[in-house]
Protein chains: 2
Amino acid sequence: MDAQEKFENFIRKKGLKNTSERKRVIEAVKSLKGHFDTEKLYSAVKRLNKNVSRASVYRTVPLLAAAGVVHESMHKDGRTMYEYSSDYHHHDHMLCIKCGRIIEFEESGIEGLQEKVCRKHRFKMTGHGLVIKGICDKCV
Amino acid sequence: MDAQEKFENFIRKKGLKNTSERKRVIEAVKSLKGHFDTEKLYSAVKRLNKNVSRASVYRTVPLLAAAGVVHESMHKDGRTMYEYSSDYHHHDHMLCIKCGRIIEFEESGIEGLQEKVCRKHRFKMTGHGLVIKGICDKCV
DNA sequence: TCGTTAATTGAGATTGAGTATCAATATTAC
DNA sequence: GTAATATTGATACTCAATCTCAATTAACGA
Ligand SMILES: [Mn+2]
Ligand SMILES: [Mn+2]
Ligand SMILES: [Zn+2]
Ligand SMILES: [Zn+2]
C-alpha cells in the first residue's frame, strides 16, 4: 500500500483532516534515503520547495509514526531517528561510534527470546529497539 | 571496588584532577536509587547541600560513565538515563508506556546472539542497549 | 613547603530543539 | 454552500545543555 494511501486511511479512522501540508511532508519523507530525525525532514521539505512550517512538520511526524508510514528506529545523539520503507519489516541496528555508520540486521532468535522474556514478566510488548554500539569493520 | 576509588583510578590514568566537586557528585550518585538523568542528579547534589554548579555536574557525568561508575541505561522522553550500581552487571529494560515503570531483566541467550551477529558483520561491540516498550502487568 | 603548570570551576550568556499560542484558514460532513 | 471543527503558521517561549573566560585549585617536582 502506498504511503499516502496508508496515511489517508489512518487520518480518516481518526477523524482528522488530510491536508496538503501533511501530503507534502510525506513527499519529503519519500525523498529521504536511510535514517533521519525531524530536523532533517524539515530540511528536506524546504529543499523540495514545499512550504510547510517547522511547527507542522514536528506535529506531523508523530502522526506518521502512529500511521506506520515511518518507524522510530533508534536514538542518536539524543535525537529520535526515523526511517521510511515502503515495505518495512522489522530490524535492529548497529551504530559505529567512530564514523556514525548504521548497519541493519535481523536476528529472529533475539526476537523470539524477547517474546519469551515478556511472557515471563506478563508484559505486553508494543515495540522494541536494540542498538549495538561499537566499531565497524571499516573503522578498525 | 568503591566508586570513589574506581573514579580516582580513572582520573589518574587520564591525567585529570580529582576535585572535591567530582567527589561530591559521586556522593549524590550514591544517594539516588534506580535510574536518573543528569537533571535529577543535579537536584540530588543540591538536596545534599553540596555546592556544585550545573555546568560541572553536566561535565562530570560523561566522566563517570567513562570510568564505569555509572552506566548509560536507556533513553526516556529524549533523555539519557543512567544508573549506579556498586556491583553492576549487565541487564536490559522494559519500559511501561502507561505508568513509566522500568523493569530490568537478563537474558543470556540474547547476549549470545548479539555476539554472533557482531562476528558475522565483523563489528566490534563496545556496548548495547535493548529497550522493550509496552504495557506492564499492573497497567493491563 | 613552594612555585609552576595545566586542569577545573562557576556565573551568566548563549544555543537550539521542541512546544505553546491564537487568529486566520482549510477540510469535512451534511 | 454552510456550519463545525481541525489545522496552520508566525512568533514567542521553554528549558536542557553547552560555551565563555577570569578566577581557582590540584598535581607534581624541586
Ligand atoms: Mn533501519
Ligand atoms: Mn537498569
Ligand atoms: Zn565506522
Ligand atoms: Zn505500567
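In what follows, chains carry the letters A, B, and so on, assigned in the order in which the sequence lines appear, proteins first and then strands, with residues in each chain numbered from 1.
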Restricting to ring-ring contact (aromatic ring centres under 6.0 Å, His included), what partner residues turn up for B:H93, sequence neighbours left out? B:H35, B:H91
I'd like to check the ring-ring contact (aromatic ring centres under 6.0 Å, His included) partners of B:H89; sequence neighbours left out, ordered by chain and number. none
Nucleotide [N], atom [atom2] - distance to [atom1] of [X] in whole Å:
X     : N      : atom1 : atom2 : value
B:E39 : D:dT14 : CD    : P     : 16 Å
A:N51 : D:dT8  : CG    : C1'   : 12 Å
B:Y58 : D:dT20 : OH    : C1'   : 18 Å

DNA chain C: 5'-proximal contact among B:A55 and A:T38 (nearest heavy atom): B:A55
If you find the nucleotide of DNA chain C closest to B:S56 and the one closest to B:G15, which residue's nucleotide is nearer the 5' end?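 Here B:G15 is the residue nearer the 5' end.
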Got a sec? Which of residues 69-83 of chain B come in under 4.0 Å of DNA chain C, heavy atoms? none
Connecting only ILVMFWY residues whose side-chain heavy atoms lie within less than 4.5 Å of each other, what is the rest of [X]'s hydrophobic cluster?
X      : answer
B:M81  : B:M74, B:L95, B:I102, B:V131
B:L16  : B:F7, B:F10, B:I11, B:V25, B:I26, B:V29, B:L32, B:F36, B:L41, B:Y42, B:V45, B:V52, B:V57, B:V61, B:L63, B:L64, B:V69, B:V70, B:Y82, B:Y84
A:I103 : A:M94, A:F105, A:I110, A:L113, A:V117, A:F123, A:M125, A:L130, A:I132, B:M94, B:I103, B:F105, B:I110, B:L113, B:V117, B:F123, B:M125, B:L130, B:I132

How close do B:E83 and B:S73 get, heavy atom to heavy atom, and via which atoms?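 Looking at all heavy atoms of both residues, the shortest contact is OE2-CB, 3.1 Å.
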Please report whether the ring centroid of B:H90 lies less than 6.0 Å from that of B:H128. yes
Range on DNA chain C touched by chain A, heavy atoms, distance below 4.0 Å: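 Listing 5' to 3', DNA chain C meets chain A from C:dA17 to C:dT28.
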Taking the basic N atoms (NZ, or NE/NH1/NH2) and the acidic carboxylate oxygens, is any pair closer than 4.0 Å for B:K133 and A:E72?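 Looking at B:K133 and A:E72, the cut-off is met.
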Flag the pair A:R79 and A:D37 as a salt bridge only when some basic side-chain nitrogen lies within less than 4.0 angstrom of an acidic carboxylate oxygen.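 Looking at A:R79 and A:D37, the cut-off is met.
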Let me spell it out: for each of B:R12 and B:R54, pick the nucleotide of DNA chain D with the closest heavy atom. Which residue's pick is nearer the 5' end?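 It is B:R54 whose nearest nucleotide is closer to the 5' end.
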Summary of protein contacts for nucleotides 21-26 of chain D, nucleotide by nucleotide, where a base hit scores B, a sugar-phosphate-only hit scores S (4.0 Å, heavy atoms): ----BB
Salt bridge (charged side-chain N to carboxylate O under 4.0 Å, His left out) with B:K46: which residues, sequence neighbours excluded? none
Any donor and acceptor pair, going by atom type alone, linking the side chain of A:R22 with main-chain N or O of A:K17 inside 3.5 Å? yes
Set of residues satisfying side chain to side chain donor-acceptor pair (under 3.5 Å) with respect to A:K30, sequence neighbours excluded: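 Counting only residues at least two positions away or on another chain, A:K30 forms a side chain to side chain donor-acceptor pair (under 3.5 Å) with A:D2.
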Kindly write out the residues that satisfy side chain to side chain donor-acceptor pair (under 3.5 Å) with A:H75, not counting sequence neighbours, or none if the list is empty. none
End axis versus end axis in the helix from C:dT1-D:dA30 to C:dC30-D:dG1, the angle rounded to 10°, five pairs used at each terminus: 50°
